[in-house]
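Notes to accompany the following structure.
Every value quoted in this text rests on a predicted model; they were computed, and no experiment measured them. For ligands, and for the atoms within them, numbers begin at 1 and follow the listed sequence.
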Amino acid sequence: MLKFVGTPQNFPEVKAPELRKEDFEEIYKQFSNAQAAEQASRCSQCGIPFCQIHCPLQNNIPDWLKLTAEGRLEEAYAISSATNNFPEICGRICPQDRLCEGNCVIEKDFGSVTIGSVEKYITETAFANDWVKPISVKSESGFSVGIIGAGPAGLAAADMLRRKGHEVHIYDRYDRSGGLLIYGIPNFKLEKEIVLRRHKLLEAGGIKFHMGVDIGGKVSLDELQSKHDAVLIATGVYKSRALGIPDSDLENILPALTYLTASNRKGLGDKVADFDSGKLNAEGKAVMVVGGGDTAMDCVRTAVRQGAKSVTCLYRRDKANMPGSAREVKNAEEEGVNFMWLSAPKAFVGTKKVEQIIVQRMRLSAHDAAGRQDIQPVPGENFNISADMVIEALGFDAEDLPAMFGKPELQVRKNGTLNINVANFMTSLDGVFAAGDIVRGASLVVWAIRDGRDAAAAINNYIMSQAKMRNVA
Ligand code: FAD
Ligand code: SF4
Ligand code: SF4
């Protein structure tokens with residue numbers, strides 16, 4: 001260990017930008033055994049590991065790095081999977097530069113340990129060696145839990161609850177499990193076989209999936225409550241924010257998720273009529289993506305791969321103030337995306353379809369006492385740019401869950417996310433819990449996993465205490 005002084009930081013090989021455009025394959029390759037051992041040995045085994053503190057799952061990073069450096073990979077996998085249900089996914093798509101790696105103590109002078117790539121390597125090695133086994137329940141508890149939503153929060157909770165011997169039923173309105181892992185995040189960041197592989201494993205462990213079931217539609221929340229000893233709501237946030245500027249209703253102005261879902265479905269081999277008709281396909285078009293977060297970066301990079309004539313990202317702040325991962329912005333730049341910083345759409349122009357955008361030039365104000373900068377329009381500085389397709393990537397809000405579930409007593413916050421008791425993850429309805437983006441607002445996969453794990457522990461306590469009370473009575 002402690003080899004960081006003589007061994008430089010290295011990431012796995014990355015595909016050349018001109019080759020990336022040709023397909024939707026993941027752009028990062030995997031470490032070889034020797035590279036993983038070498039990179040893991042750069043860790044200085046800190047007494048207070050800041051990497052671990054800043055990992056939402058508090059992964060025991062120094063231990064699995066040491067084991068990897070020593071070639072003890074089965075043990076490394078056992079430790080890494082003890083705190084993370086889907087390490088192969090986090091290793092690929094966590095914004096490590098803001099979490100574990102961004103807080104590694106050797107980051108400043110030597111470049112962080114490449115933690116995410118090692119986590120991916122350990123887990124892929126475990127899969128290749130058949131060390132990853134489906135859940136094997138020793139004795140069934142006789143209790144059952146219903147989970148609404150098969151995204152990372154719902155799946156992580158299901159995994160933990162099944163391990164406790166409970167019967168677990170997941171209901172999802174989509175036809176495949178994974179939530180945004182399958183239909184939001186593009187294949188070039190997370191190949192869909194990785195998600196499908198996890199699904200198969202969970203199913204083999206006895207978790208029952210009910211796909212194409214919209215809770216609040218044909219099946220009510222009441223029905224679920226009567227069938228199960230507890231219910232978990234893990235429905236994510238899906239209401240796209242819109243610009244709401246003049247002529248926003250012109251054709252070819254699309255919400256980001258509609259566009260990305262169509263692209264992911266095509267990649268999975270589905271028939272997507274609006275893609276085949278050209279409506280949701282950027283091929284040959286001048287594409288404008290509005291927004292500066294990770295979803296915007298996914299849209300611009302998808303458009304590049306679909307063969308767009310040009311791809312431009314409009315963002316109202318500057319590069320330094322972009323909310324998305326710096327790594328994703330760099331990837332987009334390398335792939336030929338144009339960025340227009342300090343630019344905000346003011347109105348769309350067109351007869352039936354969008355043809356132009358009127359853009360307002362913006363500027364940043366001086367820092368306030370808290371160090372924040374506001375943005376202001378620069379008076380009189382407008383310009384027009386041509387566009388055949390506009391994608392709005394402005395974030396997501398929660399749907400109206402009390403209305404959707406016919407439960408006005410289900411308490412929500414101002415932004416529609418569910419209000420839970422933070423001590424036990426329970427909503428205002430007895431025995432109904434919630435986790436993931438529907439509680440936190442649009443967040444990260446690793447936080448959804450963390451919440452799913454914590455909610456599962458709370459649900460288990462609830463079920464067991466209810467059972468005890470019944471026995472006493
Ligand atoms: P979701 O993943 O949204 O899953 C919710 C599930 O609930 C869905 O399957 C949905 O169909 C189902 N559902 C909803 N309502 C109902 C209902 N009434 N009945 C039945 N089922 C229902 N995070 C990262 O860490 N790294 C990234 O690189 C990253 N990239 C992203 C890219 C995009 C385009 C987007 C949109 C998000 C990205 N995120 C990323 C964020 C991450 O995907 C989410 O934070 C995470 O998926 C939230 O998990 P969840 O389980 O709470 O919800
Ligand atoms: Fe880093 Fe994410 Fe893995 Fe935690 S789960 S160690 S934040 S890559
Ligand atoms: Fe190793 Fe960096 Fe974590 Fe320290 S902070 S234990 S050097 S990975």
Side-chain angles (χ1 to χ4, degrees), residues 1-2 4 40 42-59 61-62 64-66 80 83-84 86-87 89-96 98-107 110 112-113 115-120 148-157 170-174 176-186 189-190 210 212-217 219 221 233-238 256-257 260 293-299 324-325 328 393 395-396 399 401 404-405 435-452:
M1 304 309 286
L2 283 155
F4 64 91
R42 296 180 69 244
C43 170
S44 75
Q45 297 287 289
C46 305
I48 300 175
F50 285 101
C51 55
Q52 181 171 6
I53 294 167
H54 288 271
C55 164
L57 292 162
Q58 261 84 68
N59 279 345
I61 299 164
W64 47 255
L65 286 174
K66 185 162 187 291
S80 127
T83 50
N84 190 351
F86 315 125
I89 293 174
C90 293
R92 285 173 164 86
I93 58 162
C94 267
Q96 286 107 11
R98 285 189 266 148
L99 300 171
C100 53
E101 294 179 17
N103 290 282
C104 171
V105 293
I106 62 169
E107 160 70 5
F110 299 92
S112 68
V113 179
I115 300 167
S117 307
V118 176
E119 190 176 24
K120 171 181 163 186
I148 315 172
L155 294 177
I170 303 194
Y171 304 86
D172 199 295
R173 59 187 173 195
Y174 278 150
R176 293 183 178 90
S177 75
L180 291 171
L181 300 176
I182 196 97
Y183 289 135
I185 299 170
K189 276 166 59 181
L190 174 65
H210 307 268
V213 180
D214 194 349
I215 305 300
V219 180
L221 181 56
I233 302 175
T235 49
V237 286
Y238 282 86
L257 206 50
L260 292 173
D294 287 337
T295 301
M297 292 311 103
D298 290 348
C299 291
S325 158
E328 296 307 311
F396 304 93
E399 291 162 284
L401 257 57
M404 190 160 91
F405 292 148
D437 278 5
I438 192 57
V439 175
R440 222 172 247 286
S443 179
L444 292 173
V445 169
V446 65
W447 278 114
I449 298 173
R450 172 66 198 259
D451 292 348

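When atom types are taken as modelled, the side chain of R440 and the backbone of A435 share no donor-acceptor pair closer than 3.5 angstrom. Looking only at distances, no side-chain donor or acceptor of R173 sits under 3.5 Å from a matching main-chain atom of G217. For Q58 (side chain) and I53 (main-chain N/O), a donor-acceptor pair under 3.5 Å exists by modelled atom type. Formation of a donor-acceptor pair under 3.5 Å by the E119 side chain with backbone atoms of I89 is not found in this model.
In summary, the atoms of ligand 1 found under 4.0 Å from a heavy atom of A153, numbered by their order in the structure, are 51 (O), 52 (O). In the vicinity of D214, heavy-atom distances shorter than 4.0 Å reach the ligand 1 atoms 17 (C), 18 (N), 19 (N). The ligand atoms of ligand 2 that sit less than 4.0 angstrom from a heavy atom of L99 are 7 (S). Atoms of ligand 2 found under 4.0 Å from any heavy atom of N59 (numbered from 1 in listed order, with element): 3 (Fe), 4 (Fe), 5 (S), 6 (S). Heavy-atom contacts of G436 reach the following atoms of ligand 1: 52 (O) (cutoff under 4.0 Å). Atoms of ligand 2 found under 4.0 Å from any heavy atom of I61 (numbered from 1 in listed order, with element): 6 (S). Residue Q96 has at least one heavy-atom neighbour below 4.0 Å for each of these atoms of ligand 2: 8 (S). The contact set between ligand 2 and V446, taken as ligand atoms under 4.0 Å from a residue heavy atom, comprises 5 (S). Applying the 4.0 Å criterion to heavy atoms of A448 picks out, from ligand 1, the atoms 48 (C), 49 (O). Each of the atoms 9 (O), 11 (O) of ligand 1 lies under 4.0 Å from some heavy atom of Y174. The ligand atoms of ligand 1 that sit less than 4.0 angstrom from a heavy atom of G179 are 2 (O), 4 (O), 8 (C), 9 (O). For ligand 1 and G149, the ligand atoms under 4.0 Å from any heavy atom of the residue are 6 (C), 7 (O), 12 (C).
The shortest separation from a heavy atom of V213 to ligand 1 is under 4.0 Å, placing the residue in contact. Residue D294 places every heavy atom at 4.0 Å or more from ligand 1. Proximity of Y183 to ligand 1 is not established, as no heavy-atom distance is less than 4.0 Å. At least one heavy atom of Y238 sits closer than 4.0 Å to an atom of ligand 1. A heavy-atom separation below 4.0 Å is not found between G216 and ligand 1.
Counting heavy atoms under 4.0 Å from ligand 1, residue P152 touches it through both backbone and side chain. With a 4.0 Å heavy-atom cut-off, ligand 1 is reached by no atom of W447. For L190, no heavy-atom contact with ligand 1 is shorter than 4.0 Å. For M404, every heavy-atom contact with ligand 1 shorter than 4.0 Å involves the side chain, none the backbone. Contacts with ligand 3 closer than 4.0 Å are made by heavy atoms of both the backbone and the side chain of V105. Looking at E399 against ligand 1, nothing comes within 4.0 Å, counting heavy atoms.
Partner of L401 under the side-chain contact (heavy atoms from CB on, under 4.5 Å) criterion, chosen from L221, I148, I438: I438.
Here atom 11 (O) of ligand 1 lies nearest to D172 when heavy atoms of T295, D437, D172 are compared. In this comparison of I93, D451, L257, the heavy atom closest to atom 26 (N) of ligand 1 sits on I93.
The minimum heavy-atom distance between P152 and F86, with the atom names listed, is O-CE1, 3.9 Å.
At the top of the distance list for atom 3 (Fe) of ligand 3, counting protein heavy atoms only, stands C51 SG, 2.3 Å. The closest protein non-hydrogen atom to atom 7 (S) of ligand 3 is S44 N, 3.3 Å. Remark: minimum distance from atom 1 (Fe) of ligand 2 to any protein heavy atom is reached at C100 SG, 2.3 Å. The protein heavy atom nearest to atom 2 (Fe) of ligand 2 is C94 SG, 2.4 Å. Among all protein heavy atoms, the one lying closest to atom 4 (Fe) of ligand 2 is C55 SG, 2.4 Å.
Atom CD1 of residue I61 and atom SG of residue C55 lie 5.0 Å apart, to the nearest 0.5 angstrom.
Considering just the N/O/S atoms of E119, the one nearest atom 3 (Fe) of ligand 2 carries the name OE1.
The local environment of OH in Y174 is crowded, with over 12 non-hydrogen atoms from other residues, nucleotides or ligands closer than 6.0 Å. Residue K189 places its NZ atom among more than 12 non-hydrogen atoms of other residues, nucleotides or ligands, all under 6.0 Å distant.
Atom 1 (Fe) of ligand 3 has an N, O or S atom of C43 closer than 2.8 Å.
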